[in-house]
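By convention here, the first residue in the shown sequence is residue 1. Read the numbers this way: they start at 1 and go in the same order the structure lists the ligands and their atoms.
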Amino acid sequence: MSERDLVMIPGPTNVDPKVLRSMARPTLSHTSGTFATIFRETVADLGRIFKTSGVVLPLAGTGTLGAEVALSNVIEPGDNVLIVSGGYFGDRLAEIAINLGARVDKFEVPWGSAPVIDDVERKLSSTAYKVMAAVHVDTSTGVANPAKELGALAQEKNVLFVLDTVCSMGGMDVQVDEWGINVCFTGSQKALAVPPGLTIISFDSKAQRAREQRKTSPASYYGDLKRWLPILTQPTKYFATPAVNMMYALHEGCRMVLEEGLNERFNRHARMASAFRAGAKAIGLRLLCDDSVASNTLTVAYYPTGVRDAEFRKSMQEEFGIVVAGELGPLREKAFRVGHMGNVNRSDILATLGAIEGSLSKEGYEFQLGAGTSAANTTLKG
Ligand code: PLP
């Protein structure tokens, strides 16, 4: 892979050199006053990005650790848990909850669809669930699930709501407090445009109470909120060594998100997503999900008949220097995924569509060359 390659996968995303340079600074003592200030500022910025007044905890680890920490603080063995799933990462939430000893029911929708709220409500009313967990944007499908409505439902039924925002936070609006998301987690490497290595988990007062009132210790020692709360109020204390240089990157990354402005950033993501989708459709690609449920962070497109997954992606990378992702689970080799989040700009969108056109053409697919970039340019102009 060349250092000039454009990474258009749904995470990790292209990292701004400013963020990369911040990581090259000397590694400070994790209990020093200087690092404590960086930690405090980062946590405050994360609270603004999450739109929460609850506690926000950045931890060394990836999104999967975030899921484990989120669920393990509020789930005890034997608890009834409902997982709303329409893809690979929803299924993973179920696996983690089962691993924690929960009695798990799944409310499943086909890949590419979003759940109907009335149906979820019926399911939620059928059993005394303690927790409902869902994924905002499932990266296997590109569907943006109705997080706000799910949150309202959970509040109405007095069920704790855990939301995976690994593929949305920083690129699409997530209003943790307003939507009633009791525990929310994300990763550093997607729309926040920081390298992989950190997960961030927020807990509101209800979730903190649930942790306080449990009869058993959380399965995760490292991820026990109770052990981290003193660090959040006094970061010069020690519990476990924070990833100092990754925190520099998150600090810089959050600053860049807030400098752009959350609304401006969400609008940019929306513009880039609709330009990409317009271009893909003009090429004749069939998209996995309908525009009405499509996320602004990634798009999944089926291959036209005869186009081979490995050869297409090899051409994208070797001949055009653009990396796109294959699919997971049942869509493996049938579709590909393009991430358009983080620092994505119009040149990235146009270059990616141009490369897709070149690579599809090489695979023998017939269409009007230039149709995709032209449609995207028209959308961007409007
Ligand atoms: N949840 C979603 C929606 C994801 O897209 C991912 C990773 O792509 C994860 C969870 C797991 O995150 P990680 O790979 O950082 O462990």
List ligand 1's nitrogen or oxygen atoms that come under 3.5 Å of a protein nitrogen or oxygen, with the partner atom and distance.
from: ligand 1; atom 1: 1 (N); to: D164; atom 2: OD1; distance (Å): 3.4
from: ligand 1; atom 1: 1 (N); to: D164; atom 2: OD2; distance (Å): 2.6
from: ligand 1; atom 1: 5 (O); to: T139; atom 2: OG1; distance (Å): 2.3
from: ligand 1; atom 1: 5 (O); to: K190; atom 2: NZ; distance (Å): 3.1
from: ligand 1; atom 1: 8 (O); to: K190; atom 2: NZ; distance (Å): 2.6
from: ligand 1; atom 1: 15 (O); to: G63; atom 2: N; distance (Å): 2.9
from: ligand 1; atom 1: 15 (O); to: Q189; atom 2: NE2; distance (Å): 2.8
from: ligand 1; atom 1: 16 (O); to: T62; atom 2: OG1; distance (Å): 2.6
from: ligand 1; atom 1: 16 (O); to: G63; atom 2: N; distance (Å): 3.3
from: ligand 1; atom 1: 16 (O); to: T64; atom 2: N; distance (Å): 2.9
from: ligand 1; atom 1: 16 (O); to: T64; atom 2: OG1; distance (Å): 2.5

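Relative to the six-membered ring of F203, R211 misses at least one condition, a distance below 6.0 Å or an angle of at most 45° to the axis.
How far CZ of R286 is from OH of Y303: 14.0 Å, rounded to the nearest 0.5 Å.
The side chain to side chain contact (heavy atoms under 4.5 Å, CB included) test with V74 singles out one residue from L100, N182, V131, and that residue is V131.
By the 6.0 Å contact criterion, CD on E178 is open, its count of non-hydrogen atoms from other residues, nucleotides or ligands being 12 or less.
Listed by first then second residue, pairs satisfying salt bridge (charged side-chain N to carboxylate O under 4.0 Å, His left out) with a partner in residues 123-134 read D79-K130, not counting sequence neighbours.
A donor and an acceptor atom, one from each side chain of D177 and Q175, are nowhere located under 3.5 Å apart.
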